[in-house]
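Presented below is the structure to which this report refers.
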Amino acid sequence: MNQIICLDETTANKIAAGEVVERPASVVKEMVENALDAGATSIDVEIREGGKDYLRIVDNGQGIPEAEVPIAFERHATSKIRRAEDLFQVLSLGFRGEALPSIAAVSELEMITKTFDAPVGTLIAFSGGKKMRLEKVGAPVGTTVTVRRLFFNTPARLKFLNQAASERRYVFDILGRLALAHPMVQFRLVSDGEEIFVTPGDGNMEAVMWSIYGSRIGSNLLPVEREANYITIRGLVCKPDVHRGNRQAETFIVNGRVVESSLMASAVEKGYQSLLPRRRFPIAVISLTMEPSHLDVNVHPAKREIRFSDSSEVYKQVMLAVRNTLESRLSFKAWSLDSSQKATPMATKEAVKQPRLRFPYESKSGKIDSYQKIRPTLPFASRPKTGLANDEVATARIGYTPEQQGTCGEVMMVSEASLSMDTNTDPIGDMQYRVLGQFQRTYVLAEAEEELWLIDQHVAHERILYERLQKQLQAKRIEAQALLVPLHLELGITSTSAVLEWGPKLAELGFEVTEFGPKDCLVRTVPTDLSGISEKELGELLLEIIAKGQTNDYRETTLIIMSCKGAVKAGEWLSLPVMEQLVTDLMATKNPFTCPHGRPVVVRLNLRDIHRRFGRI
Ligand code: ADP
Ligand code: MG
């Protein structure tokens, strides 16, 4: 072993650079953070070749006084904290005093800076950490940092850089996030002479989203706002019909700092509940503000991560913020006749929760409409004497009892039902709809004022069941109905033992299952809302529930499976009254337009488009 010595400063800086500066995007991030800390209101970034060759950050911040310029390039030189305790009061983005010396150590760096009260500016230049120039220059107030030939003197690092196109992407990504975190600042990005984006700098986060993501996402955003305890939450989430295959479009900001936070990511995703399809991720920006004492910002050299003093509180509040936005805004938006009518007032949650209307009806023949397609169904102990015949399964599934069906009225009259969910003058309250019929035994057609709705009967019913079951489960347990004869299921040894092991969980879900030998079970109750389910489906359902039983969020997953299995299928014929009920129930759900898997429930064609297709307008 060699003798122990202290490394010289250049070597130490090169080593530190390894932690702080990974790629051109890290330089952009550090320099932009410095600009923000310096109070800049406009920040221009220009890169060439993905920043490998050249990058320049120009800000109009307060600049550095001449005498302090060389000090800024010394290790651990910072104007932002004075002592370790200050770390828990940090409101600036930088505090480590490492970025400038580190970047200067591994590139050719030039800085020109001027404060408002200095007659001239200062230019300082480094090459591989060696100071090359220090002189006075004429300059505007602010700071310009130019970094050329990044990693020219650290070949191992250089080799690790990707193609320019991919480094460019990293730069775009981080600058976009920084711009979202600071909507009051105007950001401009130019790459190889081409302007990539400019943000307005007027404080409007939505406008920043438009600048960096474009109109498809820009026009589908919902605002998130919540004040809870010591946390203020602001942000934007995209409607659930626009989503991504990864978490790339999720941006998390804490006290103005762009951070990576799996905690916040899962909170946001949880907030969407089942609105997104599986393994799809939301587009979201969530910005938290809190007293710095609730945070530890010094847990990562590149300051990418932070630690919350109470992460479960943060998780809960973020989740609720997102959930509230989606619940209140979505149900309203879905209802407005024209989704472009952004200014229409938001429906209150109460309005959405109004009880459904019951439509008394009787078919013309006096006979109950029923499914033509015959599906085997389970006999129930509590079934009324006049019990449904097998060919009435779908009627049962939708939630009708023969008594209800036999009352009064006229089918045509009922089909004029007004969808009065609220008595005030909201567009929701006035919405009229009329079921026209069924198409391909798969879609329910309805006329809703100036729109033609094609409703997927399966997903619609799925959505209804999902919400009903969820409500029951939240209240306590899912309502169950006893079977007249327990259903014998041959599940095999492993599954049977699993079923028994998960017995209490299954009971909560409405299934009472008992042992019947080592590989057999008896199902004694099933959820009332799934009364239309067949024996085969019930077996499959239980197996699926068991398969998910191990996971923490099995309840949610199970609700989805149960509603899918319990819902009418495509291909089942539905009578008019049954369709009426289906649509009514659907409209009373919180999210009538997306199924638990995230598929659309209703396709809406508006009159103008239809007229246009016929050449009428
Ligand atoms: P830190 O940001 O952690 O303090 P840096 O190495 O990034 O460390 O910067 C060192 C110091 O240089 C900062 O504390 C700040 O005073 C000054 N500085 C750096 N960049 C700028 C800038 N763009 N405008 C004004 N001052 C700056
Ligand atoms: Mg800094």
Is a donor on one side and an acceptor on the other found under 3.5 Å between the side chain of [X] and the backbone of [Y]?
X    : Y    : answer
S261 : V259 : no
Q470 : L559 : no
T325 : P223 : yes
E447 : V435 : no
N606 : R608 : yes
W210 : G218 : yes
E512 : Q481 : no
K476 : Q474 : no

Taking atom types as modelled, find out whether [X] and [Y] have a side-chain donor-acceptor pair closer than 3.5 angstrom.
X    : Y    : value
R234 : S287 : no
Q472 : R477 : no
E556 : Y466 : yes

How many angstroms lie between atom [atom1] of [X] and atom [atom2] of [Y], to the nearest 0.5 angstrom?
X    : Y    : atom1 : atom2 : result
K239 : N220 : NZ    : CG    : 4.5 Å
D456 : L586 : CG    : CG    : 10.5 Å
L469 : I561 : CG    : CD1   : 12.0 Å
I478 : D529 : CD1   : CG    : 8.5 Å
M209 : L221 : CE    : CG    : 5.0 Å
T525 : E479 : OG1   : CD    : 12.0 Å

Handout entry: side chain to side chain contact (heavy atoms under 4.5 Å, CB included) between R177 and V285, worked out
Key = CA-CA 9 Å; R177 292 177 201 272; V285 198; over 6 Å; no
Would you call [X] and [Y] a side-chain contact if the rule is heavy atoms closer than 4.5 Å?
X    : Y    : result
L454 : V602 : no
Y433 : E580 : yes
Y272 : V322 : yes
I231 : T289 : no
L295 : F308 : yes
V224 : L236 : no
P282 : V237 : no
I286 : I253 : no

Exercise for the section: Would you please classify the geometry between the Y230 ring and the H294 ring as parallel, tilted or perpendicular, with 30° and 60° separating the classes? Expected result: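 Parallel, since the angle between the ring planes stays under 30°.
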Problem - Given E227, Q317, E225, R226, the one that forms side chain to side chain donor-acceptor pair (under 3.5 Å) with T232 - result: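 Of the listed residues E227, Q317, E225, R226, the side chain to side chain donor-acceptor pair (under 3.5 Å) partner of T232 is E227.
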Exercise for the section: Report yes if the distance between the aromatic ring centroids of F281 and H243 is under 6.0 Å, otherwise no. Expected result: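 No, too far apart.
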Over all heavy atoms of both residues, which pair between [X] and [Y] is shortest? Give the atoms and the distance, please.
X    : Y    : value
M562 : P527 : CE-CG, 3.4 Å
Q457 : V444 : CB-CG2, 4.2 Å
F252 : A265 : CZ-CA, 3.4 Å
A480 : G510 : CB-O, 3.4 Å
V513 : C521 : CG1-CB, 3.6 Å
M264 : V254 : SD-CG2, 4.0 Å

Practice task
Verify the neighbour count for atom CZ of R307: are there more than 12 heavy atoms of other residues, nucleotides or ligands below 6.0 Å?
Solution key: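 No - once you tally the heavy atoms of other residues, nucleotides and ligands closer than 6.0 Å, there are 12 at most.
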Problem - Within 6.0 Å of OH in Y443, more than 12 heavy atoms from elsewhere - result: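 No, because the 6.0 Å sphere around OH of Y443 holds 12 heavy atoms or fewer from other groups.
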Handout entry: Check against side chain to side chain contact (heavy atoms under 4.5 Å, CB included), R616 and R612
Key = CA-CA 6 Å; R616 280 180 179 274; R612 199 170 291 130; over 6 Å; no
Pairing of [X] and [Y] as salt bridge, 4.0 angstrom limit:
X    : Y    : result
E462 : K565 : no
R463 : D585 : no
K471 : E467 : no
E269 : R247 : yes
E250 : R244 : no

Practice task
Might you work through the side chain to side chain contact (heavy atoms under 4.5 Å, CB included) test for L530 and L541, ending with a clear yes or no?
Solution key: CA-CA 11 Å; L530 299 193; L541 178 58; 3.8 Å; yes
Handout entry: Trace of the side chain to side chain contact (heavy atoms under 4.5 Å, CB included) decision for L275 with L326
Key = CA-CA 9 Å; L275 288 173; L326 292 168; 4.1 Å; yes
